[in-house]
Amino acid sequence: MRLPKIPSLPGVPSYDLVDHYPDLAPLRRALRARDWPAVVAYFDQLPEHDDPTVATAMVAETRDVETFLRGAGGGPAESTLAGTLLGARLVWMAWQARGSARARYTSSRQFASFHQILHEAERVLAEVTAEEPGNIAAWTARLRTARGLGMGQAEANRRYERAAKARPDPFFAQLTHVQQLCPKWGGSLDRLLGFARHCAQTAPPGSLNAAAVADAHLEVAYESGIAHLRSPAVLHEIRGAVARSVGHPDYRPVHGWVQAECSFSYVLWLAGDPAGAAARLAALGNRVTIYPWGSAGELRTARRKLRGAAARRSGAGHRPARVGSPHE
């Protein structure tokens, strides 16, 4: 089987959401200009097929934007959009303060800052969802505050149900809830996989939701070892999720497609499926997300090895070529 061609791209892979979704550029310009009416206009014209959680995330990652948002449109007390964006920004700041390490490697000072910021985010976002219960971006952010503040599985499940009521098949809320269902956050592997499969099976073919299956199996592998991903049954399920999602004829690259492709490409790479990983990386180009690719260097290594495998296969008349494991 010929490996899909992965171009040799100049520069460093980009985590920038505007590089992922160029239609976010007007929103970034509005933020830089502190032009609140233009920010409102951007969200008002956002197509229905694009989950506003992505545009909200771009705002949340904007340095020092919280100062602007506290007063924009009269502030969170007057504008649910300002409250949503400020709450999402505070959630982002809280997780930055905590860091990505597991709890035993996180200092008490980091935890104190993390919880202080998250409590403010939760207060702001709770006011938003009380006034606007159909706000999917706010509910998605509240799933993250629930996890960070240790509110437990029952409350997280309740918030996910509210998110699903606000927007059918809410992709980013689903990926966030996948994390909550991991054992490290009080869940279980059975519930984790069951939820991910439900996301895939109930969403329309060609939607992004089946990427939850890839994330769930990756989290299982983190608990039990990478060999989990190389089980024939698991690899078959992941390939099936690709076929139902980004590989389906009805697939369209709506906001969130980069995250889905990153999840599939990383899991297929670790699973030892070079053709599957190469196809997904070819679609991504120079775009990458922080999760699951741990670093731009890891992505570059995978691309280099896959290009080398393709070259060897071509030079050998397409005879099967061995591809080393991702960690060789």
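- Taking His177 as the reference, Tyr160, Phe195 meet the ring pair (Phe, Tyr, Trp, His ring centres under 6.0 Å) condition, with sequence neighbours excluded.
- Remark: side-chain polar atoms of Thr129 are paired, donor with acceptor, to backbone N or O of Ala126 under 3.5 angstrom.
- Listed for the Tyr21 side chain is no donor-acceptor partner under 3.5 Å among the backbone atoms of Ala55.
- A side-chain donor-acceptor contact under 3.5 Å links Asp51 and Thr53.
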Can Thr145 and Arg159 be said to form a side chain to side chain donor-acceptor pair (under 3.5 Å), step by step?
CA-CA 10 Å; Thr145 61; Arg159 294 183 183 205; 3.2 Å; yes
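- Judged purely by atom type and a 3.5 angstrom limit, Glu155 has no side-chain atom pairing as donor or acceptor with the backbone of Met151.
- Side-chain atoms of Gln259 and Pro292, non-hydrogen and from C-beta on, do get closer than 4.5 Å to each other.
- Side-chain contact between Met58 and Thr62 is present, with heavy atoms from C-beta onward closer than 4.5 Å.
- Atom CZ of Arg32 is surrounded by 12 or fewer heavy atoms from other residues, nucleotides or ligands within 6.0 Å.
- Counting heavy atoms from C-beta outward, Arg89 and Phe68 have side chains that stay 4.5 Å or more apart.
- Taking His198 as the reference, nothing meets the ring pair (Phe, Tyr, Trp, His ring centres under 6.0 Å) condition, with sequence neighbours excluded.
- Counted by atom type alone, Asn135 and Thr80 present zero donor-acceptor pairs between their side chains at under 3.5 Å.
- Although no hydrogens or angles enter the test, the distance criterion places a donor-acceptor pair under 3.5 Å between the side chain of Gln45 and the main chain of Tyr42.
- More than 12 heavy atoms of other shown residues, nucleotides or ligands fall within 6.0 angstrom of atom NE2 in His49.
- Criterion: ILVMFWY side-chain heavy atoms under 4.5 Å apart, direct or through other members. Under it, Trp95 and Phe172 are not part of a common hydrophobic cluster.
- Using cut-offs of 30° and 60° on the angle between ring planes, the pair His115 and His119 is tilted.
- Atom NZ of Lys165 sits in a sparse spot, with 12 or fewer heavy atoms from other residues, nucleotides or ligands closer than 6.0 Å.
- Under a 3.5 Å cut-off, the side chain of Trp36 and the backbone N or O of Leu69 do not form any donor-acceptor pair.
- Within 6.0 Å of the CD atom in Gln116, the count of heavy atoms belonging to other residues, nucleotides or ligands does not exceed 12.
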Output, in order, the C-alpha distance, side-chain angles, deciding distance and verdict of side-chain contact (heavy atoms from CB on, under 4.5 Å) for His255 and Leu24.
CA-CA 10 Å; His255 282 188; Leu24 292 175; 4.0 Å; yes
Run the numbers on Leu299 and Tyr266 for side-chain contact (heavy atoms from CB on, under 4.5 Å), then give the verdict.
CA-CA 8 Å; Leu299 175 63; Tyr266 189 67; over 6 Å; no
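- Side chain of Glu122 to backbone of Val91: no donor-acceptor contact under 3.5 angstrom is found.
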